[in-house]
Amino acid sequence: MFDGASSTLTARPSVVVADGVIAAVHGPAGPVPPGAHVMDLPGLTLLPGLVDAHLHLCFDATGDPAGHLAGTGDDLLREHMAEAAGRALRAGVTTVRDLGDRGYLALDLRDQSRAGTAGPLPAIVAAGPPITTPGGHCHFLGGAASGERGLRAAVRERAERGVDVIKVMASGGNMTPGSLAHEPQFGVASLRAIVDEAHHHGLPVTAHAHSAKSIADAVAAGVDGIEHATFMTADGVDAPETVIRAIAARRIAVGWTVGRDPARPGPVPPQIASRMAALITARRRLYESGALLVPGSDAGVTPAKPHDVLRFAPDDMAAAGLSPAEILWAMTSRAAQACGLGHRKGRIAVGFDADILAVDGNPLADLAAIRRLHAVYAGGRAVLPAQGSLASSEER
Ligand SMILES: [Zn+2]
């Protein structure tokens, strides 16, 4: 068993689950509580359910998610979002953070997941529609606002709706025509107003920021997280040492956009492709400075990013020089921490939710093992294999 925080495996563990929560964890030949239903999973490795800290359940992972969204009414969109969440769960992603929906629909799904009133769903953390400028990046999700009063009102509306986090589009992005990723949308004063209002309501703020200027402004404004953090300038990448040091010192979570499904190849956006080498260097520098790097797939935004794509994230992270243990910590306990669930998710330990995977192989030696998934439990419920086939997994 890999427990989400150690750098070695526990041999022949047993995990006792009661009411969806881990009640005890034992080493070899641990005691079995009387009357317990025993699931034996010989030859497999247990690990905590994966946490995707950045995805979009409302985007359909086609070449035109914005166009399809525009042509889809809320009722059908709800169904698509539930399917997307289910797909992530069946791939071992037991917690997802939706960083941008339309009409707060991800919050509805989150509430259904909590209440257990819909089919098996991952735990969902949701931002609602991202705050953006009129006509700015992802304005079609309905979150445009401007002026200090307007921005504060936008934060208050989200707090009243019950969001878990405020997402702001500090810079332009790659999927909105007319929006340039390397250019800021909001200045530091606007970002400060958003952060101040959000913190007043007890909510963290994470800022989508590709632009090097926007990243510096977001840090100065006191954000809690920065998504993408590619440090783009008009013609390259510029990651100043002072900004990198501030990000590390203030423990700002850096959303590291990772994971592409090799079976669904598609072009990398040209503004990313032309900067790839410099982006990897900047990522490595952030890592070496001790910054809190948190993997998130941005699933839904392109054909290469279906909602179960997080299982391919290790490939990108290994390319930046992280060890398998560092990658697994990041995909479990650290991502859970960034989502505000570090006390309940991302570890196999007493008091944590029983979100447990069983894979074929040792992921600390071979990260591809996380894709050889034999069992998924979410809050102690078997998702894979499905309830009816538990007996066969005991025989395996
Ligand atoms: Zn995104």
Side-chain angles (χ1 to χ4, degrees), residues 52-62 64-89 95-119 121-146 150-170 173 175-179 185-186 194 197-198 201 203-208 227 296-302 305-307 339-340:
D52 193 338
H54 183 156
L55 53 57
H56 301 276
L57 295 171
C58 73
F59 291 152
D60 66 358
T62 62
D64 183 19
H68 291 156
L69 189 68
T72 306
D74 281 358
D75 288 344
L76 186 57
L77 186 56
R78 276 195 186 87
E79 283 174 32
H80 290 173
M81 291 171 72
E83 282 163 23
R87 181 174 178 148
L89 180 60
T95 302
V96 302
R97 184 168 67 161
D98 188 296
L99 286 183
D101 69 9
R102 186 183 77 191
Y104 298 91
L105 295 185
L107 272 77
D108 294 350
L109 207 55
R110 173 197 70 185
D111 296 344
Q112 287 171 21
S113 169
R114 280 183 190 160
T117 51
L121 289 169
I124 298 172
V125 172
I131 298 176
T132 191
T133 50
H137 181 46
C138 288
H139 63 90
F140 48 83
L141 295 177
S146 57
L151 294 171
R152 285 184 182 272
V155 173
R156 280 196 302 276
E157 180 193 327
R158 284 160 180 73
E160 281 159 19
R161 289 281 199 150
V163 303
D164 303 294
V165 55
I166 298 291
K167 167 88 177 289
V168 55
M169 300 302 203
M175 69 180 290
T176 308
S179 164
Q185 294 198 149
F186 289 115
I194 291 168
E197 192 68 34
H201 289 278
L203 291 171
V205 175
T206 195
H208 157 108
E227 303 304 313
S297 66
D298 218 358
V301 299
T302 67
K305 289 180 174 293
H307 292 92
C339 294

Audit row: Ile131, Arg158, side-chain contact (heavy atoms from CB on, under 4.5 Å) steps and yes/no: CA-CA 10 Å; Ile131 298 176; Arg158 284 160 180 73; 3.6 Å; yes

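- When all heavy atoms of Ser297 and Lys305 are compared, the pair lying nearest together is O-NZ, 2.8 Å.
- Although no hydrogens or angles enter the test, the distance criterion places no donor-acceptor pair under 3.5 Å between the side chain of Thr132 and the main chain of His139.
- In this structure, the side chain of Gln112 does not engage the main chain of Ala118 through any donor-acceptor pair within 3.5 Å.
- With respect to the salt-bridge test (charged N to carboxylate O, under 4.0 angstrom), the residues Asp164 and Arg114 qualify.
- In this structure, Pro65 and Thr62 approach most closely via the heavy-atom pair CD-O, 3.4 Å.
- The structure places CD of Glu227 at 6.0 Å from NZ of Lys167, a figure rounded to the nearest 0.5 Å.
- Residue Asp101 holds its CG atom at 9.5 Å from CZ of Phe59, rounded to the nearest 0.5 Å.
- Taking CG of Leu99 as the start and CG of Leu57 as the end, the distance is 10.5 Å to the nearest 0.5 Å.
- Closest approach of Ala198 to Val205, counting heavy atoms only: CB-CG2, 3.4 Å.
- Note: Met169 CE to His208 NE2 = 5.5 Å, rounded to the nearest 0.5 Å.
- The two residues Arg102 and Leu77 come nearest to each other via the heavy atoms NH2-CD2, 3.5 Å.
- The two residues Gly173 and Ser179 have their closest heavy-atom pair at N-OG, 2.8 Å.
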Worked check of side-chain contact (heavy atoms from CB on, under 4.5 Å) between Leu76 and Glu79: CA-CA 5 Å; Leu76 186 57; Glu79 283 174 32; 3.9 Å; yes

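- Note that CD of Glu197 is 5.0 Å distant from CZ of Arg156, once rounded to the nearest 0.5 Å.
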His56 and Asp298: CA distance, side-chain angles, deciding distance, side-chain contact (heavy atoms from CB on, under 4.5 Å) verdict: CA-CA 6 Å; His56 301 276; Asp298 218 358; 3.0 Å; yes

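- Although no hydrogens or angles enter the test, the distance criterion places a donor-acceptor pair under 3.5 Å between the side chain of Thr176 and the main chain of Cys138.
- Between the side chain of Asp98 and the main chain of Ala106, no donor-acceptor pair closer than 3.5 Å is present.
- At a threshold of 4.5 Å between non-hydrogen side-chain atoms, the residues Asp52 and Pro122 do not count as touching.
- Put simply, CG on Leu69 and NE2 on His80 are 10.5 Å apart, with the number rounded to the nearest 0.5 Å.
- Here the closest non-hydrogen pair linking Ala299 and Pro306 is CB-O, 3.4 Å.
- Between the side chain of His54 and the backbone N or O of Val96 there is no donor-acceptor pair closer than 3.5 Å.
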